[in-house]
Student: 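The structure follows.
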Amino acid sequence: MMDDKLFRQAMGRFATGVTVITTEVGENIHGMTANAFMSISMDPKLVTISIDNKATMLEKINISGSYAVNILSEQQKDISMHFAGQTKEKKEIEFGRLMDVPVIKDSLASVVCDVDRTYEVGDHTLFIGKVREIEIKDGDPLLFYCGCYGTQEKVDYAR
Ligand code: FAD
């Protein structure tokens, strides 16, 4: 049987950006760090995210039917760590709004989607999102490689 560690190490060698997915149920906003994000189709404009079936985010998006993908800048490593549950301290986040969906302020891009379809695949669920609105800003991306954050100049193995 394929070794989990080897699989994780191999997938970690695919360098990605970092996003925070945001959604809202009633008056409760929920955010989650994700790098399993992909653009799928230009016409119609579709993207996908892959969410762990154990994540709180799964039920939130299933109920709300919409979400935003916020592509983080290199200044937003603390935001990524916060929404991945990697920091201990409680943090008040002030969210922005795009098409009435909560977004992370100062992201390089916020992409607001309505859930088009979902596919439960293994221990994750793919949400195909139909893009409704986009906002972009200039800046440099936060990167993720081999389980570590980095910038365009260098991957910070010390984190
Ligand atoms: P929780 O663990 O409850 O929430 C996550 C954190 O966000 C908590 O600290 C919570 O306090 C905070 N938070 C949520 N909403 C708010 C709010 N309104 N105000 C303030 N704080 C809030 N997992 C995946 O399923 N798919 C991926 O593609 C993926 N990619 C990842 C990429 C990276 C670089 C990292 C570091 C992690 C990734 N993860 C991914 C793991 C995922 O981010 C964590 O497992 C996360 O904790 C799961 O979130 P949750 O929805 O279960 O909610």
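Computation of the quantities below employed the complete heavy-atom set of this structure, encompassing side-chain atoms and omitting hydrogens, waters and symmetry-equivalent molecules. Atoms within a ligand are numbered from 1 in the order they appear, just like the ligands themselves. Along the sequence shown, residues carry numbers from 1.
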Student: For K91, counting its heavy atoms only, list the atoms of ligand 1 lying under 4.0 Å from any of them.
Tutor: 20 (C)
Student: Under 4.0 Å from a heavy atom of M57: which atoms of ligand 1 are those, numbered in the order shown and with their elements?
Tutor: 51 (O)
Student: Backbone, side chain, both or neither: what part of I93 comes under 4.0 angstrom of ligand 1, heavy atoms only?
Tutor: side chain
Student: With heavy atoms of F95 as the reference, note each atom of ligand 1 found under 4.0 Å away.
Tutor: 17 (C), 18 (N)
Student: Have a look at N28, T33, T23, T87 and point out the one with the heavy atom closest to atom 33 (C) of ligand 1.
Tutor: T33
Student: Taking a hydrophobic cluster as the set of Ile, Leu, Val, Met, Phe, Trp and Tyr residues connected by side-chain heavy atoms closer than 4.5 Å, whether directly or through intermediates, do L108 and V18 fall within one such cluster?
Tutor: no
Student: Same cluster or not: F127 versus F37, using hydrophobic residues (I, L, V, M, F, W, Y) connected whenever any side-chain heavy atoms lie under 4.5 Å apart?
Tutor: yes
Student: First locate atom OG1 of T48, then atom CD1 of I40, and finally report the distance between them rounded to the nearest 0.5 Å.
Tutor: 4.5 Å
Student: Roughly how far apart are R8 CZ and C146 SG, rounded to 0.5 Å?
Tutor: 13.0 Å
Student: Ligand 1 and G31, any nitrogen or oxygen pair closer than 3.5 angstrom?
Tutor: yes
Student: Counting only heavy atoms closer than 4.0 Å, does ligand 1 sit against the backbone of F144, its side chain, both, or neither?
Tutor: side chain
Student: May I ask whether K60 has any heavy atom positioned less than 4.0 angstrom from an atom of ligand 1?
Tutor: no
Student: State whether a side-chain donor-acceptor pair under 3.5 Å links S66 with D114.
Tutor: no
Student: Can I51 be reached from Y67 by stepping across I, L, V, M, F, W or Y side chains whose heavy atoms are under 4.5 Å apart?
Tutor: yes
Student: Look at atom 24 (C) of ligand 1 and say whether a protein heavy atom is found at less than 4.0 angstrom from it.
Tutor: yes
Student: Output the list of atoms in ligand 1 that are nearer than 4.0 Å to some heavy atom of Y149, sorted by atom number.
Tutor: 36 (C)
Student: With rounding to the nearest 0.5 Å, note down the distance linking CG in L142 to CD in Q76.
Tutor: 8.0 Å
Student: Would you say atom 45 (O) of ligand 1 has a protein heavy atom nearer than 4.0 Å?
Tutor: no
Student: Do the side-chain N and O atoms of T22 and N70 include a donor-acceptor pair separated by under 3.5 angstrom?
Tutor: yes
Student: Out of H30, K54, H82, K90, who gets a non-hydrogen atom closest to atom 12 (C) of ligand 1?
Tutor: H82
Student: If the cut-off is 4.0 Å to any non-hydrogen atom of T56, which atoms of ligand 1 fall inside it?
Tutor: 3 (O), 50 (P), 51 (O), 52 (O), 53 (O)
Student: As an exercise, identify every atom of ligand 1 less than 4.0 angstrom from a heavy atom of I51.
Tutor: 25 (O)
Student: May I ask you to check if ligand 1 and M32 share an N or O to N or O distance below 3.5 Å?
Tutor: no
Student: Do V47 and V115 sit in the same hydrophobic cluster, where Ile, Leu, Val, Met, Phe, Trp and Tyr count as joined when their side-chain heavy atoms come under 4.5 Å apart?
Tutor: yes
Student: Nearest non-hydrogen contact with atom 47 (O) of ligand 1 belongs to which option: A84, G17, A55, P102?
Tutor: A84
Student: Looking only at protein heavy atoms, which one is nearest to atom 18 (N) of ligand 1, and how far off is it?
Tutor: I29 O, 2.9 Å
Student: I'd like to know if the side chain of Q152 and the backbone of L143 have a donor-acceptor N/O pair within less than 3.5 Å.
Tutor: no
Student: If you measure from each non-hydrogen atom of F37 to ligand 1, which part falls under 4.0 Å: side chain, backbone, both or neither?
Tutor: neither
Student: Let me confirm one number: the NZ-CD distance from K77 to Q86, rounded to the nearest 0.5 Å.
Tutor: 9.5 Å
Student: Check each of N35, L58, T16 against atom 32 (C) of ligand 1 and report the one with the nearest heavy atom.
Tutor: N35
Student: Closest by any non-hydrogen atom to atom 26 (N) of ligand 1: pick that one out of A36, S50, A34.
Tutor: S50
Student: With the threshold set strictly below 4.0 angstrom, can you tell me whether any protein non-hydrogen atom sits that near atom 28 (O) of ligand 1?
Tutor: yes
Student: Just to confirm my output: which protein heavy-atom neighbour is closest to atom 16 (C) of ligand 1, and how far is it?
Tutor: F83 CE2, 3.7 Å
Student: Is the backbone N or O of A34 less than 3.5 Å from a side-chain atom of T19, with the two atoms forming a donor-acceptor pair by type?
Tutor: yes
Student: Between F83 and I21, does the side chain to side chain contact (heavy atoms under 4.5 Å, CB included) criterion hold? Intermediate values first, please.
Tutor: CA-CA 9 Å; F83 285 105; I21 312 301; over 6 Å; no
